[in-house]
Amino acid sequence: MEPARRQRALTLLPVGLALTCSLTAVGSSYWCEGTRRVAKPLCQDRPGALHCIHYSPGSADNGSQAVQYIWEMGDDKFIQRRFHVGLWHSCEERLGSPGEKCRSFQSVIPAEERGVLWLSIGAEVLNILLTLTSAVLLGSRGSYHSSGLHWLKVDASVAILMVLAGLLAMVAHMMYTTIFEITVNLGPEDWKPQTWDYGWSYCLAWGSFALCMAVSGMATSRYTAARLEVAEKKSVQRGSQPSQRDFQEPKSSKSVWETEAAPRPAGHAVISVSEHLPSDAPGKVSMC
């Protein structure tokens with residue numbers, strides 16, 4: 001592979017990586033993860049089971065209901081259940097059975113914040129579209145040969161598209177962070193987490209933002225260097241053009257001055273001068 005095409009392929013690599021990170025983050029549900037404090041269910045049909053409250057039935061007096069004695073007290077009556085949340089779903093593990101129970105994240109957040117969530121999702125989609133457009137432009141640059149001016153336009157377009165994609169991604173991430181923190185404080189009681197932190201999807205989303213800004217800076221630097229090179233070449237070409245002000249003196253006048261300056265006998269001076277003058281030139285010679 002020639003060096004120019006190898007350099008273009010290396011430029012395309014971070015754009016593809018940013019696009020992959022954005023798609024993975026948007027499609028996953030690990031933006032935030034943590035634990036919830038959930039009360040244990042009663043061990044009715046499972047006397048030796050774990051993660052449930054064990055009790056012993058009492059005796060019934062005078063037809064009244066039996067008294068149940070629960071041995072777990074305080075924090076022993078609760079269990080920590082893990083959960084994870086994304087742009088689309090909120091999932092938590094099931095007790096006593098494999099798998100997860102998921103529900104829409106939009107149904108969890110307060111009603112007045114749902115519009116902000118859709119704005120965040122829209123900004124993420126626009127970020128993906130702009131990054132994909134930049135990847136297509138750089139891919140066409142690496143596949144076809146064209147003039148230098150065309151590649152200057154491609155570099156300028158990529159720089160603008162990637163910086164817009166990075167700014168949209170930053171705004172989308174900040175909006176989602178705000179929505180999640182509001183939901184933690186004002187969300188339903190059966191969803192509120194006890195402890196939480198950001199997950200690997202959130203880190204991928206910010207990694208995509210960093211790559212977008214880095215590619216934009218690289219494209220801007222390459223465009224500036226190419227423009228300076230083109231301007232320098234033009235200035236060198238203008239300086240190497242031949243001068244148009246090269247005038248020649250008439251040979252007759254030069255000969256006349258040479259004749260007058262040369263020491264000749266007095267008898268031959270008039271004859272020599274008249275030989276070099278034009279035939280139609282008026283002349284007068286006086287001798288002392």
Side-chain angles (χ1 to χ4, degrees), residues 7-33 84-90 105-106 108-110 112-142 149-185 196-228:
Q7 182 180 3
R8 294 166 187 170
L10 291 177
T11 306
L12 182 61
L13 180 62
V15 180
L17 187 59
L19 181 61
T20 304
C21 291
S22 295
L23 289 172
T24 305
V26 171
S28 62
S29 60
Y30 285 88
W31 285 63
C32 299
E33 50 187 343
H84 54 90
V85 185
L87 290 173
W88 311 99
H89 300 289
S90 174
F105 182 59
Q106 187 178 0
V108 175
I109 65 176
E112 60 272 12
E113 300 296 334
R114 292 176 183 174
V116 183
L117 177 63
W118 282 112
L119 285 177
S120 175
I121 294 175
E124 293 287 353
V125 173
L126 285 177
N127 165 40
I128 292 174
L129 291 177
L130 291 176
T131 308
L132 180 61
T133 305
S134 300
V136 171
L137 289 175
L138 288 174
S140 64
R141 172 175 180 168
L149 182 61
H150 174 72
W151 299 137
L152 283 177
K153 294 180 180 179
V154 169
D155 286 336
S157 301
V158 169
I160 295 173
L161 290 175
M162 293 304 289
V163 74
L164 289 177
L167 292 177
L168 284 172
M170 179 184 67
V171 172
H173 305 343
M174 295 176 66
M175 284 193 295
Y176 180 82
T177 305
T178 304
I179 293 170
F180 183 80
E181 292 178 354
I182 292 175
T183 307
V184 168
N185 296 324
W196 64 274
D197 200 355
Y198 298 108
W200 57 267
S201 299
Y202 192 79
C203 296
L204 280 181
W206 280 107
S208 174
F209 159 76
L211 287 171
C212 288
M213 302 307 290
V215 171
S216 177
M218 291 168 56
T220 303
S221 177
R222 189 168 55 248
Y223 173 79
T224 304
R227 291 293 296 179
L228 290 176

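In what follows, every heavy atom counts, from backbone to side chain, and hydrogens, waters and symmetry copies are set aside.
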Problem set entry | W31 vs F180, ring-ring contact (aromatic ring centres under 6.0 Å, His included): CA-CA, chis, key distance, verdict | CA-CA 10 Å; W31 285 63; F180 183 80; over 10 Å; no
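The CG atom of L17 lies 11.0 Å from the OG1 atom of T131; values are rounded to the nearest 0.5 Å. F105 contributes atom CZ, which lies 11.5 Å from atom OG of S29 (distance to the nearest 0.5 angstrom). With rounding to the nearest 0.5 Å, the separation of CG in L19 from CG in L130 is 11.0 Å. With values rounded to the nearest 0.5 angstrom, H173 atom NE2 is found 10.0 Å from L168 atom CG. Put simply, CG on N127 and CG on L161 are 11.5 Å apart, with the number rounded to the nearest 0.5 Å. To the nearest 0.5 angstrom, L167 atom CG is 12.5 Å from L126 atom CG.
Counting heavy atoms from C-beta outward, V85 and E33 have side chains that stay 4.5 Å or more apart. Considering only heavy atoms from C-beta on, I128 comes within 4.5 Å of L23 through its side chain.
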Could you tabulate the donor-acceptor pairs under 3.5 Å formed by side-chain atoms of residues 200-212, not counting sequence neighbours?
unit_1: S201; atom_1: OG; unit_2: S28; atom_2: OG; d: 2.4
unit_1: Y202; atom_1: OH; unit_2: T177; atom_2: OG1; d: 2.7
unit_1: Y202; atom_1: OH; unit_2: W206; atom_2: NE1; d: 3.2
unit_1: S208; atom_1: OG; unit_2: A18; atom_2: O; d: 3.1
unit_1: S208; atom_1: OG; unit_2: S22; atom_2: OG; d: 2.5

Side chains of residues 214-221: which donor-acceptor pairs under 3.5 Å do they make with residues two or more places apart or in other chains?
unit_1: S216; atom_1: OG; unit_2: A159; atom_2: O; d: 3.0
unit_1: T220; atom_1: OG1; unit_2: S216; atom_2: O; d: 2.8

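Residue S120 comes nearest to L87 through the heavy atom pair OG-CD2, 4.4 Å, listed as atom of the first residue, atom of the second, then distance. Here the closest non-hydrogen pair linking P110 and T183 is CD-OG1, 3.7 Å. What you find for V26 and W88 is that their closest heavy atoms are O-NE1, 3.0 Å.
Test I121, L117, V116 against M175 for side-chain contact (heavy atoms from CB on, under 4.5 Å) and you get one pass: V116.
Aromatic ring pairs are classed by plane angle as parallel below 30°, tilted from 30° to 60° and perpendicular above 60°; the pair Y30 and H84 is parallel.
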